[in-house]
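Here is the structure we will look at, set down as structure tokens.
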Protein chains: 2
Amino acid sequence: MNRSRAPEGYDPSAFEPFAVTVDLAVFTVREERLHVLLVERGQEPYAGTWALPGGFVLPRESAERAARRELAEETGLSADTVAGLHLEQLRTYSEPDRDPRMRVVSVAYTALVPDPPEPRGGGDAARARWMPHGTLGPLAFDHDRILADAHDRIGAKLEYSCLATAFCPPEFTIGELRQVYETVWGVELDRPNFRRKVLATPGFVRAVEGPPRLTGGRGKPAALYRAGEAKALHPPLLRPEGRSTS
Amino acid sequence: MNRSRAPEGYDPSAFEPFAVTVDLAVFTVREERLHVLLVERGQEPYAGTWALPGGFVLPRESAERAARRELAEETGLSADTVAGLHLEQLRTYSEPDRDPRMRVVSVAYTALVPDPPEPRGGGDAARARWMPHGTLGPLAFDHDRILADAHDRIGAKLEYSCLATAFCPPEFTIGELRQVYETVWGVELDRPNFRRKVLATPGFVRAVEGPPRLTGGRGKPAALYRAGEAKALHPPLLRPEGRSTS
DNA sequence: CCCTTTATAGTCAACATGACTCTTAAGGAG
DNA sequence: CTCCTTAAGAGTCATGTTGACTATAAAGGG
């Protein structure tokens, strides 16, 4: 059990089998609050407790494919929509006793969803709901830890990547983009400075032609933008009292 | 096969078992070049090909514990030494056919080693060697991909964390620290500017009392420093033509 | 003793950022 | 219609950080 990937004569059945699952931390920004997609467990252990959506990786699929499949099943989004979402591997949780029933190694993913499509409780999902982040008691298994790690990660990524646009619909205003930063970071940002920074970063956003108007709210109508081609921010957009938990 | 972590009546043996392994991308800086710890495979598949060190996760250990155990076995370092090394989970590779023999999900870790302790070829390690990064033909399995991801990751982390000190011995000079950045990033940095930045970042390094001397090289003797208590760099130390691969 | 090498101290201008002010263009209340 | 509130968007100014350089100090080698 060491250097070689499989000692000669290795017999798979000689090892206790591992189950491999995916867990999903799916975030969205709704009504100026960060929301997370949660499901209520139907069976023991943790029956009646809220948990992150997820499920087993099938024998012939990769963890990422499993994650997209589960995401589509839980949210009721079409496969096309899910294919376009931002999905990123977070990390893998492998403590021997994280699942009391058996040895389960779970690959966690983080997904960002623009508009809050109400999860169809239909299909077979026990009960899936968008819950405001941090308002719920302890989640099942080690899902509180996973959720905290996911939140840390996206907060850090907002600093040096253009990820924030993944929370926004195809066309959005600078104000909506700023809302994403403020909601995830839990701070208020100076509007003029934020605007200046975003527009000064090449490829972050692209102005949309046509009537620079927006329906809805009060105040002066805002110009619309689309996500640009840039992936990284140089230099980064640091949070005010920036602490990276790493 | 969906929302619930285990459907009622779930029988583990009904699923094809997954093997779970760890792979290690262990880096060090030696002679101004980035080196990686590699082992030569003894059996098929890929017999005779170089690969990342790694091995199976045992039934009762976490992936991180497995990684530290394998690292100690491959390098011959004491358990104490290994316990102090920087070890970080990189990501998990789960493509169904990444190992031709069976379904293997591998959790990859990155480790940084200060001084190049020559791996004892002893014990049972087939043959472990420090190889200059990028000089070797294709590695076994998807290890080229893992190595590239690991390199990207540490390059990015140097920008916003104090990670570089993990490559250095307990006491080091600013010049040695700069070497780490130059070697990993593959660029030359301006010495005065680098020095100013490092010293201006609170908690990055702490000056060592006593004779500000260094044996060895030519040139004016340099002052010695130790790693500080800070973990993150604010603001970050961006690479010159900074591209984050994310 | 001169030359090369590296550390370390400064200087200066360009740039980025934080804190503000001001104007414009909506919607709502009276 | 008019005033008030709200938010977008244009600018200003002082400060802080960075990149590009110059200069001095303190070793080792020939």
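In what follows, chains are A, B, ... by sequence order, proteins preceding strands, each numbered from 1. For clarity, every value in this text was computed on a predicted model and none was experimentally measured. Because only heavy atoms are used, hydrogens play no part in the values below, and waters and symmetry mates are left out as well, while side chains stay in.
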Please confirm whether the backbone N or O of [Y] pairs with a side-chain atom of [X], one donor and one acceptor, at under 3.5 Å?
| X | Y | value |
| --- | --- | --- |
| B:E176 | B:T173 | yes |
| B:T135 | B:M131 | no |
| B:D23 | B:A108 | no |
| B:R41 | B:A51 | no |

Would you say [X] places a side-chain N or O within less than 4.0 Å of OP1 or OP2 belonging to [N]?
| X | N | value |
| --- | --- | --- |
| A:R196 | D:dG11 | no |
| A:R195 | D:dA10 | yes |
| B:K197 | D:dT17 | no |

Atom [atom1] of [X] to atom [atom2] of [N]: distance rounded to whole Å?
| X | N | atom1 | atom2 | value |
| --- | --- | --- | --- | --- |
| A:L238 | D:dG16 | CG | P | 16 Å |
| A:R191 | C:dA19 | CZ | C1' | 15 Å |
| B:F194 | C:dT8 | CZ | P | 12 Å |
| B:F204 | D:dT17 | CZ | C1' | 16 Å |
| B:R178 | C:dT8 | CZ | P | 10 Å |
| A:Y225 | D:dA8 | OH | P | 11 Å |
| B:R239 | D:dG19 | CZ | C1' | 18 Å |
| A:L199 | D:dA10 | CG | P | 8 Å |

Original post:
Distance under 6.0 Å and angle within 45° of the ring axis: does A:R196 meet both against A:F194?
Top reply: no

**OP:** When you get a sec, tell me which of C:dT17, D:dA8, D:dT6 is the closest nucleotide to the side chain of A:R218?
**Re:** D:dT6

**OP:** Between protein and nucleotides 21-26 of chain D, map the contacts as a letter string: B base, S sugar-phosphate only, - none, heavy atoms under 4.0 Å, written 5' to 3'.
**Re:** BB--BB

Original post:
Mind checking whether B:H35 and B:H133 have ring centres under 6.0 Å apart?
Top reply: no

Subject >> Pair B:Y160 and A:Y160, ring centroids less than 6.0 Å apart >> reply: yes

Subject >> Donor on one side chain, acceptor on other, A:Y93 and A:D149, under 3.5 Å >> reply: yes

Original post:
In terms of the nearest nucleotide of DNA chain D, which residue is placed more toward the 5' end: B:P236 or A:G175?
Top reply: A:G175

**OP:** Enumerate the residues from residues 181-189 of chain B whose closest heavy atom to DNA chain C is under 4.0 Å, giving them by residue number; use none for an empty result.
**Re:** none

**OP:** Please work out which of the three classes, parallel, tilted or perpendicular, describes the rings of B:F141 and B:H143, given edges at 30° and 60°.
**Re:** tilted

